[in-house]
Amino acid sequence: MLSNRKDHSVSPEKPLLYSFRRCPYAIRARLAIRMSGVEVQIHEVSLRNKPQAMLDRSPKGTVPVLVLPDGRVIDQSLDIMCWALAQQPVSPCLTPGGNIPADAQVLIQQNDSTFKQDLDRYKYAERFPEHSATTYRERAEVFLDALDCRLQQHSYLTGAKLSIADLAIAPFVRQCALVDAEWFYATRYKHLITWLDAILQSALFVAVMEKVATSSAT
Ligand SMILES: N[C@@H](CCC(=O)N[C@@H](CS)C(=O)NCC(=O)O)C(=O)O
């Protein structure tokens with residue numbers, strides 16, 4: 001008997017990325033994918049109505065999720081970045097062994113732990129009434145200040161060239177800047193502002209932020 005139900009065990013012909021346009025984790029994954037030139041099919045999902053096929057493949061229910069034609073599922077943004085960048089014959093962003101260089105690793109770890117937590121509390125301060133938004137923002141500023149100090153030394157976070165640290169961290173700094181752009185652009189973090197603006201205005205970033213229709217299927 002014919003059934004309308006799709007068989008989710010069937011692997012896609014080309015890599016399939018479940019994504020959410022504004023999610024910083026999904027943005028970093030899309031940046032690495034685009035940079036590496038790998039072709040993927042992007043499924044923009046609604047976080048309130050996640051496709052069952054995505055949940056079947058990755059029950060934890062966060063984006064991004066990458067499904068490969070061989071059936072493998074990669075559901076952590078950093079792992080997706082490493083996978084994508086490793087598709088290039090020589091990736092300037094990874095160590096020869098295909099890993100994230102140590103200095104980038106340390107910064108990304110700080111971003112994904114303390115900074116991300118402070119950012120969430122600053123952005124959604126009404127959900128964390130123990131302190132004011134300004135207090136949470138001041139906590140987040142410790143990381144912003146550290147990034148600005150680095151950027152006084154060189155144009156990108158780990159040196160003269162764009163690295164995986166820039167790709168992984170910029171989406172979160174963008175999110176922080178957007179909470180109160182007037183405040184952000186008036187801060188003393190001038191090098192950080194220049195760095196962020198250069199990335200946001202780059203053809204790479206503009207391309208990954210192009211709108212894709214939301215899909216609840218597949
Ligand atoms: N550790 C995960 C975190 C991904 C994550 O938290 N994504 C958020 C969106 S920005 C999400 O999907 N949240 C689930 C939800 O909102 O239902 C990664 O690096 O990929």
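For the numbers below, each heavy atom of this structure counts, side chains included, while hydrogens, waters and symmetry mates do not. It should be emphasised that the depicted structure is a prediction, and the values quoted were computed from it without experimental measurement. Atoms within a ligand are numbered from 1 in the order they appear, just like the ligands themselves.
Here the protein heavy atom with the shortest distance to atom 12 (O) of ligand 1 is Val63 N, 2.9 Å. Nearest protein neighbour of atom 16 (O) of ligand 1, counting heavy atoms only, is Leu47 CD1, 3.8 Å. Protein heavy atom at the shortest distance from atom 15 (C) of ligand 1 is Lys50 NZ, 3.5 Å. Residue, atom and distance of the protein heavy atom nearest to atom 19 (O) of ligand 1 are Ser77 OG, 2.6 Å. Of all protein heavy atoms, the one closest to atom 1 (N) of ligand 1 is Gln76 OE1, 2.7 Å. Looking from atom 13 (N) of ligand 1 to the surrounding protein, the closest heavy atom is Thr62 CG2, 4.0 Å.
Ligand 1 places these atoms under 4.0 Å from at least one heavy atom of Gly61: 14 (C). Within ligand 1, counting atoms from 1 as listed, the ones closer than 4.0 Å to a heavy atom of Pro64 are 20 (O).
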Apply ring-ring contact (aromatic ring centres under 6.0 Å, His included) to the pair Phe143 and Phe115, showing each step before the final yes or no.
CA-CA 6 Å; Phe143 188 63; Phe115 179 63; 4.9 Å; yes
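Listed here is the closest heavy atom pair of Tyr136 and Ala125: CD1-CB, 4.3 Å.
For the pair Cys23 and ligand 1, the shortest N or O to N or O distance does not fall below 3.5 Å. The shortest N or O to N or O distance between Lys60 and ligand 1 is not under 3.5 Å. Of the N or O atoms in Tyr25, none lie within a sub-3.5 Å distance of an N or O in ligand 1.
Cation-pi contact between Arg127 and Tyr124: present, with separation from the ring centre below 6.0 Å and deviation from the ring axis of at most 45°.
Heavy-atom separations between Arg48 and ligand 1 are all 4.0 Å or longer.
Cluster annotation: Trp183 is connected to Leu147 through the hydrophobic network of ILVMFWY side chains, with a link wherever side-chain heavy atoms come within less than 4.5 Å.
Using a 4.0 Å cut-off between a side-chain N of Lys or Arg and a carboxylate O of Asp or Glu, Asp197 and Arg174 do not qualify as a salt bridge. Ion pair Asp145/Arg188 flagged as a salt bridge, since at least one NZ, NE, NH1 or NH2 atom sits closer than 4.0 Å to an Asp/Glu carboxylate oxygen.
Using modelled atom types, one side-chain atom of Arg30 and one backbone atom of Arg21 make a donor-acceptor pair closer than 3.5 Å. Not a single donor-acceptor pair under 3.5 Å links the side chain of Ser58 to the backbone N or O of Leu55.
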